[in-house]
There are 2 protein chains.
Amino acid sequence: MSQTLSAQLRLRDLILSGELQPGERLSEPSVAERLGASRTPVRAALVRLAEEGLVKPIPSGGFAVNSFAEEEIHDAIELRGTLEGHAARLAAERGAPGGTLAEMRRLLVRMDEATTPPISEDGFTDYVALNAHFHELLVEAAGSAVVARQIGRVVALPFASPSGFVLAQAALPASQCVLVVAQEHHRAVVEAIEHREAARAEALMREHARLARRNLELVLHDQDSLRLVRGGVLIRRRGWA
Amino acid sequence: MSQTLSAQLRLRDLILSGELQPGERLSEPSVAERLGASRTPVRAALVRLAEEGLVKPIPSGGFAVNSFAEEEIHDAIELRGTLEGHAARLAAERGAPGGTLAEMRRLLVRMDEATTPPISEDGFTDYVALNAHFHELLVEAAGSAVVARQIGRVVALPFASPSGFVLAQAALPASQCVLVVAQEHHRAVVEAIEHREAARAEALMREHARLARRNLELVLHDQDSLRLVRGGVLIRRRGWA
DNA sequence: GTGATACAACCTGTATACAGGCTGGTCTGA
DNA sequence: TCAGACCAGCCTGTATACAGGTTGTATCAC
């Protein structure tokens, strides 16, 4: 593995885990020393993380750990809904590859199994992986590299990703019902794509993203579950410093 | 100006003007010599252009000038329509700042003047600038940095930008009618945002982007007008090498 | 004549040295 | 005591040297 990639991954972990505080300046020499690399790959890694949004350029040069207002995350999730709706619509309009649809259906069965009440902790963990895969397949079904790239950029922020709040949700009451609704969305969108019902497919994915928005609000008022959200430490809550 | 920014701008110009051919490998030493900079800023510029999409990473390392299939541009324009529709909907739902709306209305008047038949060549040039500004204001009206950033990424590709095909359009018959329709969209979307008609605002911007798709098809069958499209040399036409 | 191999040129990834500029603190004078 | 200026440390942007790997070509063997 290249030093650049290694630095990018480790730096991302340090940020998302909260070891590097939001607002903290990331000087190249200090990061380089911490990661045991030279300034060149560290610089490249910082540029990539800035692209992802985890790090923000400082006017006088260099980068600092970024933080996110609740409204921004709101917007990012809604934007994901619109983009995934776009992808679902394209898939329905143009027709999705048979193999992709078949895999989505297989995934639906496995997700049903994972979400059959009572849901164990492992069930949630399994669901996170399966759900992420499902959303990847949806993008694949649209068959557009341009759309895939764009969605990838939004989803790069972990709390904007489809599975961002699922684990935190597990710690909340009534969480099992939310999963049931989410599953229904998944099932219905596959059906809509198969039947070439474009408007329905789009509307479903938009509504689907709304579940994440609701989870966001719930989680923000529960310090314990917020810790379960990857990158949750970067979230600036309303009325906080 | 920094060497990095200078290299980025000049390299972008070289690519969009066709001086660097699509598919051509851009080795750091050769580019550095051409631009009179050292490898470090050239490398940074290449990374940024790769982010924009003008340049594509090569598996074995380094970058090559990218090219675009007609379908990709299709998709990029439709994606822009969806994102601008998203922005228009947000603006209508949440309410746009009064100042922004006022400026959009002022712009409408000036665009009307520029597009009153018969339209001179200067009229088209003026319209390009005014149109670009109008679309920027639409994004501003949505009041979301997340959305603005995302739209900015799509629009970075010149032929996916709102004014990408306007100049080429000037060389085509019936072009004046298209401008009239586009203007009607502009007028209507401002009205929709003012009246908080979210669904209407969104649908209008989607349809608005379709005009660009139609222009794309027209232009692709007219070699002369294709030359007027910035970055047109990067477009791979169907059935071409 | 063709295929495989070896070599040479080149290119990327990385480390590091250097110059210019910014920041923060301290000291001095009013 | 407070304000302003100066100074030192640090940091970024840039240039360049070096090592490892890749590509393309030329040559040799079959």
Side-chain angles (χ1 to χ4, degrees), chain A residues 1-15 18-67 149 152 156 234 241, chain B residues 1-15 18-67 149 152 156 234 241:
Chain A
M1 185 190 305
S2 74
Q3 295 278 25
T4 300
L5 184 56
S6 159
Q8 185 184 354
L9 297 179
R10 283 192 288 163
L11 205 42
R12 187 194 286 150
D13 261 350
L14 289 175
I15 293 171
E19 258 180 89
L20 295 168
Q21 302 246 333
E24 185 176 343
R25 180 171 190 170
L26 297 176
S27 84
E28 292 168 16
S30 65
V31 173
E33 189 188 13
R34 183 162 194 163
L35 300 182
S38 78
R39 275 183 58 205
T40 307
V42 165
R43 184 180 188 74
L46 284 169
V47 167
R48 294 194 191 178
L49 290 175
E51 184 45 43
E52 280 181 30
L54 289 182
V55 144
K56 195 170 67 175
I58 294 175
S60 63
F63 300 92
V65 178
N66 205 355
S67 63
R149 181 169 164 155
L234 302 180
Chain B
M1 184 191 304
S2 74
Q3 295 279 24
T4 299
L5 185 55
S6 159
Q8 186 185 354
L9 297 178
R10 283 191 289 163
L11 206 43
R12 188 194 286 150
D13 261 351
L14 288 175
I15 292 171
E19 259 180 272
L20 295 168
Q21 302 246 334
E24 185 176 343
R25 180 171 191 170
L26 297 176
S27 82
E28 292 168 17
S30 65
V31 173
E33 190 188 12
R34 184 161 194 162
L35 300 182
S38 78
R39 276 183 57 206
T40 307
V42 165
R43 184 179 187 76
L46 283 169
V47 168
R48 294 193 191 178
L49 290 175
E51 183 46 43
E52 280 182 30
L54 290 183
V55 144
K56 195 170 68 176
I58 293 176
S60 63
F63 300 91
V65 178
N66 205 355
S67 64
R149 180 168 164 157
L234 303 179

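As the structure is a prediction and not an experimental result, all values here were calculated from the model. Each chain gets a letter, A, B and so on, in the order the sequences are listed, and its residues count up from 1.
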side-chain contact (heavy atoms from CB on, under 4.5 Å) filter on A:Ala37, not counting sequence neighbours, yields A:Gln3, A:Pro41, A:Val42
| field | A:Gln21 CD: over 12 foreign heavy atoms closer than 6.0 Å | value | no
Anything under 3.5 Å between a donor and an acceptor, one on a side chain of residues 48-64 of chain B, the other on a protein residue two or more places apart or in another chain? List them.
from    : atom 1 : to       : atom 2 : distance (Å)
B:Arg48 : NH1    : B:Gln8   : OE1    : 3.4
B:Glu51 : OE2    : A:Arg153 : NE     : 3.2
B:Glu51 : OE2    : A:Arg153 : NH2    : 2.4
B:Glu52 : OE1    : B:Arg12  : NE     : 3.2
B:Glu52 : OE2    : B:Gln8   : NE2    : 3.3
B:Glu52 : OE2    : B:Arg12  : NH2    : 2.5

Separation of [Y] [atom2] from [X] [atom1] (nearest 0.5 Å):
X       : Y       : atom1 : atom2 : result
B:Ser27 : B:Arg25 : OG    : CZ    : 7.0 Å
B:Ser67 : B:Ile15 : OG    : CD1   : 12.0 Å
A:Leu14 : A:Leu9  : CG    : CG    : 11.0 Å

- Give one of base, sugar-phosphate or nothing for B:Leu26, where a contact means two heavy atoms less than 4.0 Å apart. sugar-phosphate
Practice problem: Quick one: label A:Thr40 by what it contacts on the DNA or RNA (base, sugar-phosphate, nothing), any heavy atom closer than 4.0 Å. | Solution: base
Side-chain contact check for A:Glu28: nearest option of C:dT12, D:dC11, D:dG13 is D:dG13
- Task: Verify the contact: side-chain N or O of A:Arg43 to OP1 or OP2 of D:dG13, cut-off strictly under 4.0 Å; return yes or no.
- Result: yes
**Asked** Counting just side-chain N and O atoms, does A:Ser27 come under 4.0 Å of either OP1 or OP2 of D:dC11?
**Response** yes
With sequence neighbours left out, the residues meeting salt bridge (charged side-chain N to carboxylate O under 4.0 Å, His left out) with A:Glu33 are none
To the nearest Å, give me how far apart [atom1] ([X]) and [atom2] ([N]) are.
X       : N      : atom1 : atom2 : value
B:Glu24 : C:dC11 : CD    : P     : 12 Å
A:Glu33 : C:dA15 : CD    : P     : 14 Å
B:Phe63 : C:dC10 : CZ    : P     : 21 Å
A:Ile58 : D:dG13 : CD1   : P     : 10 Å

key: Verdict with supporting geometry, B:Thr4 and B:Arg43, side-chain contact (heavy atoms from CB on, under 4.5 Å)   = CA-CA 8 Å; B:Thr4 299; B:Arg43 184 179 187 76; over 6 Å; no
For nucleotides 17-23 of chain C, tabulate all protein N/O to nucleotide N/O atom pairs closer than 3.5 Å, reporting atom names and distance.
none

Ordered by number, residues from residues 1-8 of chain B within less than 4.0 Å of DNA chain D (heavy atoms) are B:Ser2, B:Gln3, B:Thr4
Between B:Leu35 and B:Arg10 the two heavy atoms that sit nearest each other are O-NH2, 2.9 Å
*asked:* Run the side-chain contact (heavy atoms from CB on, under 4.5 Å) test on B:Asn66 and B:Leu234 for me, step by step, so that the C-alpha distance in whole Å, both residues' side-chain angles and the decisive distance to 0.1 Å come before the verdict.
replied: CA-CA 7 Å; B:Asn66 205 355; B:Leu234 303 179; over 6 Å; no
*asked:* Let's go through B:Arg34 and B:Leu11 carefully: what are the C-alpha distance in whole Å and the side-chain angles of both, what is the deciding distance for side-chain contact (heavy atoms from CB on, under 4.5 Å) to 0.1 Å, and is it a yes or a no?
replied: CA-CA 10 Å; B:Arg34 184 161 194 162; B:Leu11 206 43; over 6 Å; no
As a check of understanding: the bend across the helix from C:dG1-D:dC30 to C:dA30-D:dT1, end axes from five pairs, rounded to 10 degrees, works out to 0°
